[in-house]
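Note on naming: letters A, B, ... go to the chains in the order of the sequence lines (proteins, then strands), and numbering restarts at 1 for each one.
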There are 2 protein chains.
Amino acid sequence: MFKGQFIHSIDNKGRVSIPAKLRKYISPEANNSFVMTQGIDACIDIYPRDQWQTIEEKLLKLNTFIPKESRFLRLMLQNAHEDEMDGQSRIVIPQNLLEYAQIENEVLIIGALKKIEIWNPKVYKNYIDGSSETFEQIASEVMSL
Amino acid sequence: MFKGQFIHSIDNKGRVSIPAKLRKYISPEANNSFVMTQGIDACIDIYPRDQWQTIEEKLLKLNTFIPKESRFLRLMLQNAHEDEMDGQSRIVIPQNLLEYAQIENEVLIIGALKKIEIWNPKVYKNYIDGSSETFEQIASEVMSL
DNA sequence: CCACTTTTCCCCACTACACCCCAAAATAAT
DNA sequence: ATTATTTTGGGGTGTAGTGGGGAAAAGTGG
């Protein structure tokens, strides 16, 4: 499963190369294809095709006649975008997602098990520094189940 | 299970050799592969591949749509790194982990049952000396279950 | 329907670093 | 003392990451 962090550059065509260390964990069923969408915080979520499938199944269960569920579905899908890696293991990230994550010319790539997250390094630093709780506190809280 | 302590050197490529005494306890299922991550204190945790698996299974149960659980996942994985031993039974420790544990040119390797810990010897000495409680006090507290 | 512009896709090339192999030094065992 | 094993060091090579150019496709306007 995806783990670790990497600093990569993004060129003026919006291309980002997927780190080789992360590529090793992509199953062949994904067919070198990814679905990207806006993440829970100011980042871009990137799912291998097969992993996205399980999310899509959850979304299918939503009742679109209920306004809140309908709204959520729109928010999830409006910026969703599918793309394949090119010969150099890169994907193109569309403009609206780049703006959402406030990305400039450098990206922080974080492996998060089933998905890959793309951050502006500065934004990520603010996100991490922003919490008042320490790693130890959160760890004991979340993992003490 | 891992036990004992060892002083080894770390070269300018970030390589540390795993003590032969500890290698004996690594199960074949680990495939000579380790996952290293930031420890609870100023040290690096190193899990054989198979031991890490149980941690990963716990992490997979988190709901990444809940901000706090998402944050914890990021903190856990951002510095996680997988590597195999080379022909000389060494692993490469990435720069960010070395900085986290304030490691210079010598490391203290401690066997801790399921995992191996890597410390800067000086930092470890401060950590041990730093506690006001004696070994006897902590022992009676923790082991009286 | 055609001509033109713009964007997307694919291929080639350069650079740098990570990995692998070889080998010496040091420690432990016979 | 000799041999074996463990630990440490360094050098060459393949591959990962990056950038750019040209062909194809799509979009726009006359």
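- Each of F6(B) and I10(A) lies near DNA chain D, and the nucleotide nearest F6(B) is the one positioned closer to the 5' end.
- Rounded to an integer number of Å, the gap from R90(B) CZ to dG10(D) P is 11 Å.
- Of the N and O atoms on the side chains of T37(A) and H81(A), not one donor lies less than 3.5 Å from an acceptor on the other residue.
- Taking a cutoff of 4.0 Å between a charged side-chain nitrogen and a carboxylate oxygen, R74(B) and E117(A) qualify as a salt bridge.
- Side chains of I7(B) and E106(B) form a contact here, defined as non-hydrogen atoms less than 4.5 Å apart.
- When the C1' atom of dT7(D) is taken as reference, atom CE of M85(B) falls 14 Å away, rounded to whole Å.
- Between the NE2 atom of H8(A) and the C1' atom of dT18(D) there is a distance of 10 Å, rounded to whole Å.
- Applying the 4.0 Å criterion to OP1 and OP2 of dG19(D), one finds that S9(A) has a side-chain N or O inside that range.
- Q51(A) CD to I116(A) CD1: the interatomic distance, rounded to the nearest 0.5 Å, is 10.5 Å.
- Counting non-hydrogen atoms of other residues, nucleotides and ligands closer than 6.0 Å to CE of M1(B) gives a total above 12.
- If you take CG of N12(B) and P of dC17(C), they are 14 Å apart, rounded to a whole angstrom.
- One interatomic measurement links the two molecules: CD1 of I91(A) to P of dC10(C), which rounds to 15 Å at whole-angstrom precision.
- DNA chain C is contacted by K13(B), R15(B) of residues 13-29 of chain B, taking any non-hydrogen atom closer than 4.0 Å.
- The side-chain contact (heavy atoms from CB on, under 4.5 Å) test with I93(A) singles out one residue from I103(A), V107(A), D83(A), V16(A), and that residue is V16(A).
- Under the 6.0 Å distance and 45° angle rule, R71(B) counts as a cation-pi partner of Y127(A).
- In this entry the distance linking CD of E82(A) with P of dT8(C) reads 17 Å, nearest Å.
- Per the geometry, CG belonging to D86(A) stands 17 Å off P belonging to dA13(C), to the nearest Å.
- Distance Q88(A) CD to dG21(D) P: 15 Å, rounded to the nearest Å.
- Across all strands shown, D11(A) has heavy atoms under 4.0 Å from sugar-phosphate atoms exclusively, and none from any base.
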